[in-house]
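Working notes, beginning with the structure itself.
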Amino acid sequence: MTVEQALRALGGVSPTSRVMARGYSQYDIRKAYNRGGLIRPRRGWIAFRSSDPQLLFAAGHGVTLSCVTQAKRIGLWVLEEDRTHVAAPRGRKVDLEDAKIHRRRPLTPRPVGLLEDGIDNVLDCVAYCQPHDEALAVWDSALQKGLTDLQKLEALPLGPKARRLVSEATPFSDSGLETFVRSRMSWLGLPIRFQIWLHGHRVDILIGDRLVIQLDGRDHVGAQ
C-alpha cells in the first residue's frame, strides 16, 4: 500500500501522525508529497488537492465543522446555511471573518484533529444558534434518519434551549415543513398526526379528525 492509498483510507485529509501510525516514515510522506497531488493544509497535516473543500478548510484552520454546516453534510433538513459554521475550543485564537465560530463546551469529547463534529455536538450547537422552529426541524430530521434517539438525547447534560427541543422533537416528520406546521399550529390544542394512512393513501398531516394538509416542498415546483 502506498502513502496515497493510506491517505485515501483516512478520508483524504489527515494528520501526518495517522499516516505514520500505519507504518510510513516522514521520508515516505515527503516522497509522496513530491510526486504531486498532495498538499499540506497546515503544519502536521496532509491531504489530496482534490479533497473535500470544507474538510480542507477545517484542517487548514484547526477547527471542526459543526452546527448547520455539518448537519447539512450528513443529510439533515437545514432551512438555510448562511456561512460555514465551525466549532473551536475556548481560548484558542481562530481568525475566520466569514465563518460562524461556536465555542460551546462539547457534550461529547472532540478528539484532537477531528474535522467533523459528532451528532450530539451538532444538535447542541444548532439549538443555540438557530431560531427555535429551524432548530427543531434539524432535530426532527436527525431522529427521523435514526442518527440518534430521544432516550439518548434526554440523557445528555443539555441546557434549557436544547432541553426544550428534546421535549418537542419527534422522529415522524418527513421534512422541516412538517415540523414548522406542527410547531406553529400547536396552539390549536388539537391532535396533529403525521404520515398516516387514510383510505389507502398516506397523507402528510391530519389535524383533528378531518383536516388533511399536504405539504409540497422544493420537489413540487415549476411549470405544473
Side-chain angles (χ1 to χ4, degrees), residues 1-130 134-135 137-138 141-142 145 147-148 218:
M1 180 182 288
T2 65
V3 168
E4 288 87 349
Q5 289 172 323
L7 179 60
R8 186 167 286 108
L10 290 168
V13 183
S14 172
T16 54
S17 60
R18 292 182 187 168
V19 178
M20 294 175 67
R22 297 198 169 203
Y24 299 93
S25 66
Q26 285 281 9
Y27 175 72
D28 295 326
I29 295 173
R30 187 163 55 251
K31 283 180 60 178
Y33 180 79
N34 291 337
R35 286 195 289 269
L38 301 183
I39 59 173
R40 299 185 187 276
R42 185 164 55 103
R43 183 177 179 181
W45 285 75
I46 194 165
F48 290 109
R49 293 183 184 277
S50 57
S51 291
D52 184 325
Q54 288 187 316
L55 292 181
L56 291 175
F57 176 87
H61 292 90
V63 295
T64 302
L65 301 174
S66 193
C67 197
V68 291
T69 294
Q70 183 60 13
K72 189 174 182 178
R73 286 175 61 84
I74 60 178
L76 301 187
W77 198 97
V78 173
L79 180 64
E80 183 179 11
E81 182 195 14
D82 56 340
R83 49 186 164 163
T84 302
H85 288 238
V86 301
R90 297 176 181 178
R92 176 186 293 177
K93 184 177 180 180
V94 179
D95 186 16
L96 290 173
E97 293 183 0
D98 297 329
K100 169 70 175 180
I101 303 174
H102 295 271
R103 297 188 182 272
R104 292 187 57 75
R105 185 186 301 276
L107 296 178
T108 55
R110 294 187 182 105
V112 175
L114 182 70
L115 299 180
E116 298 181 271
D117 219 349
I119 187 65
D120 296 341
N121 297 331
V122 167
L123 294 180
D124 188 58
C125 285
V126 167
Y128 290 87
C129 173
Q130 300 297 298
E134 294 177 30
V138 176
S141 183
K145 290 182 177 295
L147 299 183
T148 187
R218 68 186 66 185

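Scope of the values below: all heavy atoms of this structure, side chains included, with no hydrogens, waters or symmetry mates. This structure is a prediction, so every number in the text was calculated from the model and none was measured.
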With rounding to the nearest 0.5 Å, note down the distance linking [atom1] in [X] to [atom2] in [Y].
X	Y	atom1	atom2	answer
Arg8	Ser51	CZ	OG	9.0 Å
Glu134	Glu80	CD	CD	7.0 Å
Thr2	Tyr24	OG1	OH	6.0 Å
Leu38	Glu4	CG	CD	5.5 Å
Leu79	Gln130	CG	CD	8.5 Å
Ser17	Gln26	OG	CD	9.5 Å

Determine the minimum heavy-atom distance between [X] and [Y], stating which atoms define it.
X	Y	value
Arg42	Gly62	NH2-CA, 3.5 Å
Pro109	Pro111	O-CD, 3.5 Å
His102	Lys100	NE2-CG, 3.5 Å
Thr69	His85	OG1-N, 2.7 Å
Thr108	Asn121	O-ND2, 2.9 Å
Trp45	Ala59	CE3-CB, 3.8 Å

Donor-acceptor contact below 3.5 Å, side chain [X] vs main chain [Y]:
X	Y	answer
Arg40	Ile46	no
Asp124	Pro106	no
Ser141	Trp77	yes

Decide yes or no on side chain to side chain contact (heavy atoms under 4.5 Å, CB included) for Ser66 and Val86, but give the supporting numbers first.
CA-CA 5 Å; Ser66 193; Val86 301; 6.0 Å; no

Criterion side chain to side chain contact (heavy atoms under 4.5 Å, CB included) on Leu56 and Ile39, from CA distance to verdict
CA-CA 10 Å; Leu56 291 175; Ile39 59 173; 4.1 Å; yes

What's the verdict on side chain to side chain contact (heavy atoms under 4.5 Å, CB included) for Asp98 and Arg83, showing C-alpha distance, side-chain angles and the deciding distance?
CA-CA 7 Å; Asp98 297 329; Arg83 49 186 164 163; 5.9 Å; no

Out of Thr84, Ile74, Leu114, Leu115, which residue meets the side-chain contact (heavy atoms from CB on, under 4.5 Å) rule with Leu65?
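Exactly one pass, corresponding to Thr84.
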
Verdict with supporting geometry, Arg73 and Leu55, side chain to side chain contact (heavy atoms under 4.5 Å, CB included)
CA-CA 11 Å; Arg73 286 175 61 84; Leu55 292 181; 3.6 Å; yes

With the side chain counted from C-beta on, respond yes when Leu10 and Val19 share a heavy-atom pair under 4.5 Å apart, and no when they do not.
yes

